[in-house]
Amino acid sequence: MAYLVADVVSAGTLTGSPQPTLAADGLTLRPWRSADLPAVVAAYADPAIQQWHCRTMDESEAADWLAAWPGRWRTESGAGWAVTSPDDEVVGQIGLRTISLPAGFAEISYWVLPACRGRRIAARALSALTTWALGSLGLHRLELRHSMVNTASCRVATRAGYAAEGVQRSALLHPDGWHDMHLHAVVSC
Ligand SMILES: CC(C)(COP(=O)(O)OP(=O)(O)OC[C@H]1O[C@@H](n2cnc3c(N)ncnc32)[C@H](O)[C@@H]1OP(=O)(O)O)[C@@H](O)C(=O)NCCC(=O)NCCS
């Protein structure tokens with residue numbers, strides 16, 4: 001029995017090259033470094049990041065989180081970038097939290113450190129990552145989901161060109177219970 005659909009992106013496409021650094025309208029998306037640990041710990045101490053990313057992170061867990069990204073690139077299962085200011089301060093994170101190269105699909109995650117919010121950092125990072133993922137990498141569809149009450153994330157998605165596709169009822173368990181999730185996606189032409 002032959003499979004009738006070719007892989008959208010060939011296995012080995014990510015692992016065959018180093019993780020790129022991407023320019024993002026005054027920001028930089030670069031691979032994580034172990035020295036970024038204090039920024040990651042500070043991020044997961046923020047109640048909003050805990051609420052929407054459903055976890056806390058102590059120093060040891062943050063070190064493991066940072067150390068896991070190269071392996072996820074090698075296994076082509078995920079990819080994470082530090083979002084940095086012109087002086088290389090970490091201001092946020094953006095990543096492909098799941099990737100399926102054969103299906104040409106990935107799902108996006110992002111947060112911005114509380115002190116850095118209000119400058120459309122997430123939308124600028126998301127636009128840059130989207131251009132790379134649909135263009136250079138060759139994925140076909142990128143999705144992101146946010147709780148229906150996370151209005152800021154909805155604005156980020158819309159500003160970066162992710163069309164709203166509908167509401168997934170009671171779809172994700174958060175620390176305060178089940179949330180209806182708003183699905184956004186962008187597809188390549
Ligand atoms: C969502 C998040 C990444 C956005 O950070 P940011 O890039 O600094 O976003 P900004 O503060 O510049 O706001 C982006 C947009 O949301 C709007 N916004 C921000 N806070 C808002 C709020 N509480 N209510 C309504 N709109 C809000 C802004 O007005 C702006 O809209 P505009 O682009 O139309 O002007 C950040 O708030 C965050 O990290 N939140 C916690 C984690 C999280 O929610 N992650 C996403 C999970 S899906």
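Ligands are counted one by one from 1 in listed order, and the atoms in each one are counted from 1 as well. Reckoned from all heavy atoms, side chains included, excluding hydrogens, waters and symmetry mates.
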Any non-hydrogen protein atom less than 4.0 Å away from atom 23 (N) of ligand 1: no

Atom 2 (C) of ligand 1: protein heavy atom closer than 4.0 Å? no

Starting from atom 21 (C) of ligand 1, locate the nearest protein heavy atom and write down its residue, its atom name and how far away it is, to 0.1 Å. Ala152 CB, 3.8 Å

More than 12 heavy atoms from other groups under 6.0 Å of CZ on Arg97: no

Would you say atom 28 (C) of ligand 1 makes contact with the protein, given that contact here means a non-hydrogen protein atom less than 4.0 Å away? no

What part of Asn150, side chain from CB on, backbone N/CA/C/O, both or neither, has a heavy atom under 4.0 Å from ligand 1? side chain

Closest non-hydrogen protein atom to atom 26 (N) of ligand 1, residue and atom name please, with distance? Thr151 CG2, 4.0 Å

Compute the shortest N/O to N/O distance between Val156 and ligand 1 and return yes if it is under 3.5 Å, no if not. no

Taking Trp32 as the fixed residue, which of Trp65, Trp73, Trp81 is the one that meets the ring-ring contact (aromatic ring centres under 6.0 Å, His included) rule? Trp65

Test your reading of the structure: does Ala122 have an N or O sitting under 3.5 Å from an N or O of ligand 1? yes

Taking every non-hydrogen atom, the tightest pair across Leu126 and Ala157: CD2-CA, 4.2 Å

Considering only non-hydrogen protein atoms, determine which one is nearest to atom 46 (C) of ligand 1 and report residue, atom name and distance to 0.1 Å. Tyr110 O, 3.3 Å

Does at least one non-hydrogen atom of Arg145 fall below 4.0 angstrom from an atom of ligand 1? yes

Compare every heavy atom of Pro175 with every heavy atom of Cys54, then report the nearest pair and how far apart it is. SG-CD, 3.9 Å

Atom 48 (S) of ligand 1 [closest protein heavy-atom partner, distance rounded to 0.1 Å]: Ser153 OG, 3.2 Å

What are the two closest non-hydrogen atoms of Ala171 and Met181, and how far apart are they? CB-CG, 3.8 Å

Under a 4.0 angstrom heavy-atom cut-off, which atoms of ligand 1 come close to Gly118? 8 (O), 10 (P), 11 (O), 12 (O)

As an exercise, identify every atom of ligand 1 less than 4.0 angstrom from a heavy atom of Arg119. 12 (O)

Looking at Leu96, Ile99, Val9, which hits side-chain contact (heavy atoms from CB on, under 4.5 Å) with Leu14? Ile99

Nearest heavy atoms of Val90 and Asp36, plus distance in Å: CG2-OD1, 3.4 Å

Please check if a non-hydrogen protein atom sits closer than 4.0 Å to atom 44 (O) of ligand 1. yes

heavy-atom search around atom 33 (O) of ligand 1 in the protein gives Arg159 NE, 2.7 Å

Report the part of Trp111 (side chain from C-beta onward, or backbone N, CA, C, O) that has a heavy atom under 4.0 Å from ligand 1; answer both or neither where that applies. both

Quick one: OG on Ser147 to CD on Gln51, what's the gap to the nearest 0.5 Å? 7.5 Å

Considering non-hydrogen atoms only, spot the tightest contact between Thr56 and Glu61 and give its length. O-OE1, 3.9 Å

Students should be able to answer this: which protein heavy-atom is nearest to atom 39 (O) of ligand 1, and at what distance? Val112 N, 2.9 Å

Would the number of heavy atoms belonging to other residues, nucleotides or ligands and lying under 6.0 Å from CD of Glu59 be above 12? no

For Ala24 and Leu29, the nearest pair of non-hydrogen atoms, with its separation, is CB-CD1, 3.7 Å

Under 4.0 Å between a side-chain nitrogen and a carboxylate oxygen: does that hold for Glu143 and Arg141? yes

Determine whether the side chain, the backbone, both or neither of Arg120 has a heavy atom under 4.0 Å from any heavy atom of ligand 1. both

Note: heavy atom closest to atom 34 (O) of ligand 1, options Arg155, Gln50, Arg117, belongs to Arg155

With a cutoff of 4.0 Å, is Gln51 in contact with ligand 1, counting heavy atoms of the residue only? no

Test your reading of the structure: does Cys116 have an N or O sitting under 3.5 Å from an N or O of ligand 1? no

In ligand 1, the atoms that come under 4.0 Å of a heavy atom of Ile121 are 7 (O)

Identified side-chain contact (heavy atoms from CB on, under 4.5 Å) partner of Arg145 from the options His184, His182, Glu107: Glu107

Considering non-hydrogen atoms of the protein only, which is the closest contact for atom 42 (C) of ligand 1, and what is the distance? His53 NE2, 3.7 Å

Less than 3.5 Å apart, any donor N or O on the side chain of Ser153 or His146 sitting next to an acceptor on the other? no

